[in-house]
Amino acid sequence: MPIVDPRTGEPLAADTPTSEAAQAADASMPEVIFDVDAGNIQQVLELSMQVPVLLDCWAPWCEPCKNLMPVLEKLAREYRGTFLLAKLNIDENQEIAAQLGVRSVPDVKLISQGGLVDHFQGALPEKQIREWLGRYFPAPEDAPASPEALAAEALAAGDAATARALYEELAQQNPQHYPYQVELARALVAEGRAADARALLDNLPPEERDAAPARGVRASIEFGEEAPDAEALAALGARDDSEAQYLRALRSVADGDYETGLEALLALMKADRAWGDDAARKTLLRVFDALGADHPLTVTYRRRLFALLY
């Protein structure tokens, strides 16, 4: 899609610029990040003949724009000139915005060879922006891990406080990206703050609150409340009846030892399916919910459950 010069109404040049034009563009915009207006939009198109330009259309009154811009700036520096980041204030450049078809902001457009290649709207999370960029550019070899990856690694390593802090920052930067709030609730549960996690989940929109990820975190909270504490567990002694097996399985799940808990629940189901009104099978399904449909343990034990039932 050609871009039109708002001053003349003519399409901006899409031919390879002359060496003088290229030198002038390089001299006036040496950085990988710069502002765009009617005075330099022509140079932006000329630069796009040499290197792709990511055009961030934003407005001063737009809160999502304020959250997105630092992420784009960080990525532009990280990619070290693989693409340039041009920032267009649509309030000050309404004609250019109209020519570009900007209807709402933030609107990020990828321009190459003088034309529009792709775009996305809204303040996407950094992980999704990296995936979008990955369609067109190889990731830098020394790219740092994303905040999402760092948070997930911290949670897996048992560092709930670090995970919680990272998810808090992500949720603050992307308030409409509810998966961050669900993961924040998960970190709060791991940190022993079940009441705070439940309050966070309760405040989600209904469609998010009732979706599988949030149900899974809520199940984790419930397991922690239902499982026997250390004193009650010790009181079971050498008991090996169905109730004792079930309570030990609950404790394993509540402690995050999911494989042990799932194995115990499956064994109980084989030995005493009727106990507790089919409690073992029902609890297995709740653990699957807590882990998520794609978790390796869910896949494995759902298959084993199916084989046992049918």
Pairs involving residues 232-256, ordered by first then second residue, that meet ring-ring contact (aromatic ring centres under 6.0 Å, His included) (sequence neighbours left out): Tyr246-Trp275

Test side-chain contact (heavy atoms from CB on, under 4.5 Å) applied to Thr162 - qualifying residues, sequence neighbours left out: Ala154, Asp159, Leu166

Residue pairs passing the salt bridge (charged side-chain N to carboxylate O under 4.0 Å, His left out) test where at least one lies in residues 223-233, sequence neighbours excluded: Arg198-Glu225, Glu226-Arg286

Positive for side-chain contact (heavy atoms from CB on, under 4.5 Å) with Val108, one of Ile129, Leu85, Leu72: Leu72

Ignoring hydrogens and angles, write down the donor-acceptor pairs under 3.5 Å from the side chains of residues 259-270, residues two or more places apart or on other chains.
residue, atom, partner, partner atom, Å
Thr260, OG1, Asp257, OD1, 3.0
Thr260, OG1, Asp257, OD2, 2.8
Glu263, OE1, Tyr301, OH, 2.4
Glu263, OE1, Arg304, NH1, 3.0
Glu263, OE2, Arg304, NH2, 3.1

side-chain contact (heavy atoms from CB on, under 4.5 Å) partners of Ala235, counting only residues at least two apart: none

Pairs where residues 165-175 contributes a residue and the test salt bridge (charged side-chain N to carboxylate O under 4.0 Å, His left out) is met, not counting sequence neighbours: Arg164-Glu168

By salt bridge (Lys or Arg N to Asp or Glu O under 4.0 Å) - contacts of Asp118 (at least two apart): Arg135

Salt bridge (Lys or Arg N to Asp or Glu O under 4.0 Å) partners for Lys127, two or more places apart: none

Pairs touching residues 49-67 that satisfy salt bridge (charged side-chain N to carboxylate O under 4.0 Å, His left out), sequence neighbours left out: Glu63-Lys66

Main-chain N/O of Leu188 paired to Arg193 side chain as donor or acceptor, under 3.5 Å: no

Candidate pair Tyr180 and Glu148, rule side-chain hydrogen bond (donor to acceptor under 3.5 Å, both in side chains), full reasoning: CA-CA 9 Å; Tyr180 286 153; Glu148 294 92 340; 2.3 Å; yes

Set of salt bridge (Lys or Arg N to Asp or Glu O under 4.0 Å) partners for Asp107, sequence neighbours left out: Lys109

All side-chain contact (heavy atoms from CB on, under 4.5 Å) counterparts of Ala152, not counting sequence neighbours: Tyr167

Non-hydrogen side-chain atoms of Arg209 and Arg215 separated by less than 4.5 Å: no

Heavy-atom donor-acceptor pair, Asn174 side chain to His177 backbone, under 3.5 Å: no

Ion pair check, Arg77 and Glu31, cut-off under 4.0 Å: no

Donor-acceptor under 3.5 Å (Asn40 side chain, Asp35 main chain): yes

Counterpart residues, side-chain contact (heavy atoms from CB on, under 4.5 Å), relative to Val182 (two or more places apart): Arg186, Leu204, Pro213, Ala214, Val217

Approximate separation, where rounding is to 0.5 Å, of Leu55 CG and Leu110 CG: 10.0 Å

Check: Thr298 side chain, Leu291 main-chain N or O, donor-acceptor pair, under 3.5 Å: no

Nearest-0.5 Å distance, CZ of residue Arg218 to CG of residue Asp210: 8.0 Å

N/O donor-acceptor pair under 3.5 Å between Gln173 side chain and Asn67 backbone: no

